[in-house]
Amino acid sequence: MSQTVLPSRRRMRAEVLIVLGLSLGYYAISALLTLIERYLAEPVIGDQVAQLNRSRSDIDVVDMVQQLVYQAYLLMPVALALYLLSAGGRRIRPLLGLTGPARAWWRDVAMGLGLAACIGLPGLALYAVSRALGQTVRIDTSGLPDAWWSATILLLSAAVAGVLEETIVVGYLMTRLKDLGWSVTAAIVASALLRGAYHLYQGWPMALGNVVMGLVFAWWFHRTGRLAPLIFAHWTLDAVSFIGPEVVPQEWLTELGIA
């Protein structure tokens, strides 16, 4: 069995900066600037809106194709990160725990749903409280038109977000930071802070909530070595938030400050 040969520390540091600069690191800087702008702009932050999954064309078919192309584009940093981790003979699937018999994958699904419930319910309460305090924007989870393909795109968007964020901010970043000699605690904290940073555009309370989520997810990956439950959990959380406003009674949404 061949031995894994890691790149030099200098090369790995440059690699981390490049991967994050092309993905979530860029989003973190952009989110911070957006938060500053929100506090300087009118109206006050509590009366502002952050729209997710926006429409990309006024022409229905073109919009659908643009959505598919954009989701594929978002997965390119994931492909790059996995490619770089595989350098030197490293096997990616065992490294990220993406192996095992069918029952292991079913356990991953079950644990993912459990994690989603543990994170999602407090997260919904946090959103309601921070909206009441006027420190969080109203999040519009779908700017897509009322088209036959919209629900499918929203579910795909949720899946891509789960793969992108959990692979980069947990699987890739924690692995590389450990390769660089960081302690487990430092790697977990760095992962969590990055997750919170690229959610700053929603307001500081939701960013703080995402830091807590990041601590839980990074710790889970360290303890189990399996990334799939985190991807399943993230997909569930986003799928519910993207599709939920379409099926939840309007008065509930109004009470939560979503509608």
Side-chain angles (χ1 to χ4, degrees), residues 20-21 23-55 70 74 115-144 154 157-158 160-162 164-166 168-170 173 188-219 230 233-259:
L20 295 185
S23 58
L24 299 173
Y26 164 77
Y27 296 138
I29 296 172
S30 177
L32 174 60
L33 294 174
T34 298
L35 180 65
I36 294 172
E37 181 184 23
R38 290 192 186 284
Y39 276 107
L40 295 176
E42 295 290 344
V44 296
I45 188 171
D47 293 333
Q48 297 177 35
V49 179
Q51 187 178 74
L52 310 181
N53 301 299
R54 65 179 181 83
S55 178
Y70 180 66
L74 290 177
L115 285 170
C118 291
I119 295 295
L121 295 176
L124 189 60
L126 174 62
Y127 179 71
V129 170
S130 59
R131 285 286 295 149
L133 294 174
Q135 295 300 310
T136 294
V137 300
R138 181 173 69 82
I139 302 174
D140 180 2
T141 57
S142 176
L144 299 183
L154 290 174
S157 176
V160 169
L164 170 65
E165 294 185 37
E166 303 314 324
I168 299 292
V169 81
V170 178
L173 184 60
I188 289 175
V189 171
S191 173
L193 289 177
L194 175 59
R195 187 187 298 269
Y198 60 76
H199 284 94
L200 280 168
Y201 71 92
Q202 298 177 0
W204 67 263
M206 297 306 293
L208 184 60
N210 274 278
V211 170
V212 176
M213 174 181 170
L215 291 172
V216 173
F217 276 27
W219 174 85
L230 307 183
H234 196 132
W235 176 82
T236 302
L237 290 169
D238 280 6
V240 170
S241 66
F242 292 172
I243 301 295
E246 304 298 325
V247 296
V248 172
Q250 189 69 18
E251 56 270 21
W252 293 13
L253 301 178
T254 302
E255 288 295 323
L256 291 171
I258 298 175

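Starting from 1, each residue takes its place in the sequence as its number.
In this structure, D238 and T141 have side chains that are not in contact, with every pair of non-hydrogen atoms separated by 4.5 Å or more. By the 4.5 Å heavy-atom criterion applied to side chains, L215 and I188 are counted as neighbours. Looking at heavy atoms from C-beta onward, I168 lies in side-chain contact with L20 at the 4.5 angstrom threshold. The shortest side-chain heavy-atom distance between L173 and L24 does not fall under the 4.5 Å cut-off.
In the displayed structure, Y39 atom OH is contacted under 6.0 Å by more than 12 heavy atoms of other residues, nucleotides or ligands. Counted within 6.0 Å of CD on E37, heavy atoms from surrounding residues, nucleotides or ligands total 12 or fewer; the atom is thus considered open.
Applying the side chain to side chain contact (heavy atoms under 4.5 Å, CB included) test between M213 and each of L237, L115, L208, L230 identifies L237 as the sole match. Exactly one residue among I36, T34, L40 makes a side chain to side chain contact (heavy atoms under 4.5 Å, CB included) with R38. That residue is T34.
At distances below 3.5 Å, not a single donor-acceptor pair connects side-chain atoms of Y198 with backbone N or O atoms of E165. The closest donor-acceptor contact from the side chain of S30 to the backbone of Y27 lies at 3.5 Å or more, if one exists at all. For the pair T136 (side chain) and Y127 (backbone), a donor-acceptor distance under 3.5 Å is absent. Under the 3.5 Å distance criterion, the side-chain polar atoms of R131 are matched with a main-chain donor or acceptor of G46. Between the side chain of S191 and the backbone N or O of V169 there is at least one donor-acceptor pair closer than 3.5 Å. Distance alone, capped at 3.5 Å, is enough to place a donor-acceptor pair between the Q48 side chain and the P43 backbone. Here the side chain of S130 pairs a donor or acceptor atom with the backbone of L126 at under 3.5 angstrom.
If you take CG on L200 and CD1 on I29, they are separated by 11.5 Å, rounding to the nearest 0.5 Å. Rounded to the nearest 0.5 Å, atoms CD (Q202) and CG (L35) are 10.5 Å apart. Distance CG/N53 to CG/L144: 5.5 Å, rounded to 0.5 Å. Atoms OG and CZ, on S142 and R54 in that order, are 13.0 Å from each other to the nearest 0.5 Å. The distance from atom CD of E42 to atom CG of D47, rounded to the nearest 0.5 Å, is 9.5 Å.
Under the salt bridge (charged side-chain N to carboxylate O under 4.0 Å, His left out) criterion, the residue pairs touching residues 195-208 are E166-R195, with sequence neighbours excluded.
Here the closest heavy-atom approach between residue G196 and residue V211 is recorded as CA-CG2, 3.7 Å. The nearest pair of heavy atoms linking S157 to F242 is OG-CE1, 3.7 Å. A50 and V137 get closest at one heavy-atom pair: CB-CG2, 3.7 Å. Taking both residues in full, the closest heavy atoms of G214 and A192 are given as C-CB, 3.6 Å, listed atom of the first, atom of the second, then distance. Across all non-hydrogen atoms, the minimal contact from I45 to G134 is CG2-O, 3.2 Å.
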